[in-house]
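Here the structure is a predicted model, which means the values were calculated and not measured. The figures that follow rest on heavy atoms only: side chains count, while hydrogens, waters and symmetry mates do not. One-based numbering along the sequence shown.
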Amino acid sequence: MKAYKNKMIWFIKRGRKTLLKGCAFSLLLLPAILVVVPLLLLLSGSLMDTWELRGYLESVFTEGNGFISWKLIPDYPSFANYKKLLFETPQFFVLFWNSVKLSGCILAGQLLAAVPAAWGFAVYQVKGSRALFALYVVLMLLPFQVTMLSSYLVLNKLALLNTHQAIILPAVFSTFPVFLSYGGFRSIPSQMLEAARMDGAGEFTIFVRLGLPLGKSGLLSAMVLGFLEYWNLMEQPMAFLEEKALWPLSLYLPEISWGQAGYAFCASVIMLIPAVFVFVLGQDYLEQGIIYSGLKE
């Protein structure tokens with residue numbers, strides 16, 4: 001009788017655990033579906049021809065009263081939109097190169113400016129360094145809309161408006177990569193740095209041989225997040241760039257009208273590929289960098 005009772009208790013506990021796991025799985029599955037479904041709709045829309053898209057989206061663009069219908073698998077898959085976008089639309093490649101140029105120059109500049117700044121804040125504890133770093137964090141919280149007017153006036157005074165430098169220079173000196181890189185450098189034991197100094201290593205050698213390899217998690221997480229942000233820039237180019245030839249690829253999509261809906265889907269898919277590629281490669285470092293940024297001193 002006692003063995004039967006213990007077995008029933010075991011089954012009840014196991015059923016309760018299974019039920020809790022099922023509820024947790026269901027709660028996590030719902031947001032996953034909300035993220036994945038738009039991507040599937042985007043991919044399927046890029047494979048539809050103009051007439052099929054018109055049948056699905058006509059009620060939206062003609063201000064009709066009907067509802068949108070959609071299929072995840074097109075009735076007649078076609079790569080015509082990709083062909084025209086990649087081989088017959090040179091403007092697309094101009095804007096694509098602009099995005100590559102802006103993102104690459106900004107990230108390279110941050111490596112030269114933000115990383116040494118983060119190293120200085122993390123390693124050299126001098127009077128006022130904590131207050132200055134706190135000011136950095138406060139500046140990081142300011143959205144672009146708050147600093148847009150002052151930035152516009154400064155860039156206008158420097159005659160940098162309507163140039164790529166108007167986008168690159170402010171982003172190079174952003175506080176966000178300093179904040180993330182700081183967490184990675186702070187995780188390095190101070191005893192290790194002192195031991196290197198006792199062995200005769202200079203400060204630059206310590207930074208290159210110890211700081212960069214051991215603090216690369218925070219550094220790479222800043223680079224990954226930075227790429228995802230600057231690859232999708234919209235507000236800064238719209239505010240500081242007048243010529244459309246200087247625009248990044250992120251501003252190409254709003255310019256596409258109803259007759260080019262298929263190109264919009266194709267351009268969105270192509271623009272998404274580099275971001276997904278970088279995120280997949282840097283996912284582990286991104287997680288570690290976020291952990292470092294949340295550590296308390």
Side-chain angles (χ1 to χ4, degrees), residues 34-62 68-108 162-168 171 223-283 286:
L34 294 177
V35 172
V36 172
V37 168
L39 299 180
L40 295 178
L41 296 178
L42 187 68
L43 182 60
S44 63
S46 67
L47 298 175
M48 294 180 183
D49 57 23
T50 304
W51 298 106
E52 190 171 2
L53 282 172
R54 175 183 286 272
Y56 293 143
L57 303 176
E58 187 175 10
S59 60
V60 175
F61 290 95
T62 60
I68 296 177
S69 60
W70 200 264
K71 288 184 178 180
L72 289 178
I73 301 178
D75 292 331
Y76 305 100
S78 172
F79 289 94
N81 292 324
Y82 284 101
K83 177 183 177 182
K84 186 167 185 178
L85 183 67
L86 296 177
F87 297 100
E88 302 176 14
T89 312
Q91 299 89 346
F92 176 82
F93 289 97
V94 172
L95 301 188
F96 186 89
W97 166 246
N98 289 339
S99 290
V100 173
K101 177 183 176 181
L102 290 174
S103 301
C105 291
I106 290 173
L107 295 180
N162 202 32
T163 65
H164 282 159
Q165 287 80 359
I167 310 298
I168 295 172
M223 294 295 102
V224 172
L225 288 175
F227 177 84
L228 297 178
E229 177 183 358
Y230 303 125
W231 184 255
N232 298 290
L233 277 180
M234 295 193 69
E235 294 177 327
Q236 292 88 335
M238 291 183 69
F240 302 145
L241 300 179
E242 295 181 5
E243 295 184 24
K244 293 183 179 180
L246 298 175
W247 282 5
L249 187 59
S250 54
L251 295 185
Y252 178 72
L253 303 182
E255 290 294 304
I256 296 178
S257 62
W258 145 246
Q260 297 175 312
Y263 307 143
F265 285 111
C266 294
S268 299
V269 171
I270 295 174
M271 186 175 179
L272 190 63
I273 292 174
V276 172
F277 181 74
V278 171
F279 177 80
V280 171
L281 289 181
Q283 184 176 8
L286 180 61

Who passes side-chain contact (heavy atoms from CB on, under 4.5 Å) against Pro237, sequence neighbours left out? Ile167, Leu233, Leu241, Pro248, Leu251
Run Leu43 and Ser46 through side chain to side chain contact (heavy atoms under 4.5 Å, CB included) and show every step you take. CA-CA 5 Å; Leu43 182 60; Ser46 67; 4.1 Å; yes
Sorted by first residue and then second, give each side-chain hydrogen bond (donor to acceptor under 3.5 Å, both in side chains) pair with at least one member in residues 94-103; sequence neighbours left out. Lys101-His164
Shortest non-hydrogen contact from Met48 toward Asn81: O-ND2, 2.8 Å
I need the Leu85 CG to Phe96 CZ distance, nearest 0.5 Å. 11.0 Å
Could you tell me the separation between the CE atom of Met271 and the CG atom of Leu95, rounded to the nearest 0.5 Å? 10.0 Å
Taken in chain and number order and not counting sequence neighbours, the residues that satisfy side-chain contact (heavy atoms from CB on, under 4.5 Å) with Leu86 are Phe92, Phe93, Ile270
For Gln165, all residues meeting side-chain contact (heavy atoms from CB on, under 4.5 Å), sequence neighbours excluded: Leu160, Thr163, Leu169
Distance (rounded to the nearest 0.5 Å) between Leu102 CG and Leu249 CG: 11.0 Å
How close do Trp231 and Ser250 get, counting heavy atoms only, and between which atoms? O-CB, 4.2 Å
For Asn232, side-chain hydrogen bond (donor to acceptor under 3.5 Å, both in side chains) partners two or more places apart: none
When rounded to the nearest 0.5 Å, the distance separating CZ of Phe279 from CG of Leu228 is 7.5 Å
State which residues pass ring-ring contact (aromatic ring centres under 6.0 Å, His included) with Tyr82; sequence neighbours excluded, sorted by chain then number. none
In terms of heavy-atom contacts, Ile168 and Cys105 come closest through CD1-CB, 3.7 Å
Using side chain to side chain contact (heavy atoms under 4.5 Å, CB included), reason through Phe79 and Leu47 one step at a time and then give a plain yes or no. CA-CA 6 Å; Phe79 289 94; Leu47 298 175; 3.6 Å; yes
